[in-house]
Protein chains: 2
Amino acid sequence: MSLDINKVVIKTSLSSCFGSHFKEVEGANAFIEELAKDAEEVSFAQGEYVFKEKDAPEYVYIPESGSLMLERSTASGSRQVFAFLFTGNLAGLSENVSYSFSAKALTNCVVIRISRKLMQDIFDKYPSVAKRYHDMTGHILSLILDQLFIMGQKSAHQRLAHFLLDMEHRLGRGTHRFFLPMSRQDIADYLGMSLETASRGFSKLKKDGLISIESNYQITVTDSEKLISYAD
Amino acid sequence: MSLDINKVVIKTSLSSCFGSHFKEVEGANAFIEELAKDAEEVSFAQGEYVFKEKDAPEYVYIPESGSLMLERSTASGSRQVFAFLFTGNLAGLSENVSYSFSAKALTNCVVIRISRKLMQDIFDKYPSVAKRYHDMTGHILSLILDQLFIMGQKSAHQRLAHFLLDMEHRLGRGTHRFFLPMSRQDIADYLGMSLETASRGFSKLKKDGLISIESNYQITVTDSEKLISYAD
DNA sequence: CGAGCCCTTGATGCATTTCAACGAATGTGG
DNA sequence: CCACATTCGTTGAAATGCATCAAGGGCTCG
């Protein structure tokens with residue numbers, strides 16, 4: 001039940017999650033001290049579930065290394081992927097009765113686990129922290145609206161192009177090259193298309209010279225402008 | 001700059017928005033007093049915009065009578081409808097820099113307009129009210145996730161069936177009969193399909209005896225069970 | 001080297017879009 | 001009050017994008 005808040009990966013994850021100027025927020029330091037006492041690092045192997053739908057939402061989670069996927073499955077076996085989470089993203093923020101989705105480890109990963117009770121106690125003491133957290137919720141809401149917009153508007157190949165630009169931005173660390181931690185099936189379930197359509201999309205973008213595929217998961221965007229205009 | 005909080009429609013709208021037990025929340029009464037002083041009723045004619053994308057998000061809005069539609073349009077003229085709002089729903093809750101969508105009046109309507117500054121002041125004074133508001137945001141987030149799920153999973157006709165069940169629930173006031181305030185085009189843009197596909201969906205559901213169409217906008221669900229299993 | 005897994009590619013069929021015409025309801029001006 | 005225009009919804013036919021079914025290829029691991 002303790003967290004080494006001096007570890008670089010943890011500092012990085014927290015500041016990426018709560019924002020770079022979080023330390024200036026009143027109560028931020030107290031919050032971090034509480035994390036040091038009560039939060040934990042937890043490891044998950046690839047394919048394990050960090051939490052499942054219907055679990056009581058006792059914690060929120062911040063990936064420190066590795067990737068997660070938020071998904072909801074139906075009785076009939078089909079699945080919708082809601083989001084992919086990387087270092088410093090936040091999972092499980094706003095459900096009350098139970099989670100409405102599961103979080104699955106895409107890779108071996110380490111997550112920071114924070115109890116909701118701790119969050120709530122800090123919110124009660126430090127409204128500024130609560131406000132920041134609420135802003136984060138609003139930001140996530142707007143990201144989901146963007147996703148909804150894309151799902152409603154674009155053709156399958158356009159959605160894929162859009163997805164790749166998002167991944168380039170989030171995984172590329174300033175370069176055009178990135179490693180996808182998820183399978184074609186995961187991508188397809190995220191974008192609401194079949195595995196085959198996703199695969200054909202990759203092939204087409206490659207053939208048209210917009211991306212290159214070093215290996216199945218290693219992608220480079222070779223023509224950002226065209227990819228952007230294709231995704232438009 | 002004042003609101004008659006004793007008017008029945010206003011009481012109804014507020015309690016439907018903030019929840020029936022809101023009065024028991026610490027600070028709820030103070031909040032309502034502030035509304036009485038600073039909030040306003042504003043009227044809009046059918047087709048007018050309550051707010052537009054890129055407006056500074058100065059207010060939040062609660063429809064008191066009539067219906068709103070939240071939409072985002074592209075330069076190329078296409079449009080995604082994010083939600084339909086009726087009495088007691090909430091619009092504009094969580095954007096920071098600007099709204100990421102516009103709110104259009106589907107009918108002549110009256111909305112309660114509350115300044116964000118007032119909300120923030122109350123939140124600072126009464127964390128319980130802030131908490132309730134945050135819970136509402138979380139609830140909306142889960143509604144949008146449901147919508148995203150539906151968009152990713154279902155066929156066009158299934159999405160339409162799902163939509164009609166939602167409208168029955170929200171507009172039917174306990175009966176199976178309801179009046180749709182939006183056009184076929186609006187429905188199509190909400191569900192990510194063409195106007196014609198939406199229309200064919202209505203026709204099919206009617207032919208199969210799951211709904212009856214008294215007029216273009218007056219719908220009765222005649223076989224709930226079948227409609228539910230069709231939407232599943 | 002073979003097994004298993006994931007990805008790719010091809011062929012086919014179906015769902016949905018697009019294009020086009022028609023019909024119903026509403027409003028307007030002669 | 002009736003012709004006419006306008007708007008919105010329905011329906012049909014053709015075209016197309018995507019899913020599905022099916023086979024094959026490449027990679028990894030034992």
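If you're wondering where the values come from, they're calculated on a predicted model, not measured in any experiment. Lettering of chains follows the sequences in order, A, B, ..., and the numbering in each one begins at 1.
Sequence order on DNA chain D of the closest nucleotides to A:Asn216 and A:Lys154 puts A:Lys154 first from the 5' end. For the pair A:Ala156 and B:Met182, nearest-nucleotide mapping onto DNA chain D gives the more 5' position to B:Met182.
Closest to the side chain of A:Glu196, from the set D:dA19, C:dT8, D:dT20, is D:dT20. With C:dT8, C:dT17, D:dC18 as the choices, the nucleotide that has an atom nearest any side-chain atom of B:Met193 turns out to be C:dT17.
Between A:Met136 and A:Phe18, the closest heavy-atom pair is SD-CD2, 3.6 Å.
Among the heavy atoms of the strands lying under 4.0 Å from A:Ser155 are primed sugar atoms or P, OP1, OP2 only; no base atom is included. Here B:Ser203 lies in heavy-atom contact (under 4.0 Å) with sugar-phosphate atoms only. Counting any heavy atom pair closer than 4.0 Å across all strands shown, B:Ser183 reaches sugar-phosphate atoms only and no base atom.
Rounded to whole angstrom, the span from the CD atom of B:Gln46 across to the C1' atom of D:dC8 amounts to 13 Å. A:Asp186 places its CG atom 10 Å from the P atom of C:dC6, with the value rounded to the nearest Å. Between B:Leu191 atom CG and C:dT17 atom P there is a gap of 11 Å when expressed in whole angstrom units. Distance, A:Arg184 CZ to C:dC7 C1': 7 Å, rounded to whole Å. The nearest whole Å value for the distance from the CZ atom in B:Arg200 to the P atom in C:dA15 is 13 Å. In this structure, NZ of B:Lys204 is placed 17 Å from C1' of D:dG12, rounded to the nearest angstrom. As rounded to whole Å, 21 Å separates atom P of C:dC7 from atom NZ of A:Lys207. If you take CD1 of A:Ile213 and P of D:dG26, they are 15 Å apart, rounded to a whole angstrom.
Distances shorter than 4.0 Å separate some side-chain N or O of A:Thr197 from OP1 or OP2 on D:dA19. The phosphate of C:dC7 (OP1 or OP2) has a side-chain N or O of A:Tyr217 nearer than 4.0 angstrom.
Under a cut-off of 6.0 angstrom, the local environment of NE2 in B:His162 is sparse, with at most 12 non-hydrogen atoms contributed by other residues, nucleotides or ligands.
You'll find the ring centres of A:His157 and A:Tyr230 outside the 6.0 Å limit. The aromatic ring centres of A:Tyr61 and A:Phe51 sit less than 6.0 Å apart.
Taking the side-chain contact (heavy atoms from CB on, under 4.5 Å) definition, one finds that B:Thr222 meets it with B:Ser212, B:Thr220, sequence neighbours left out.
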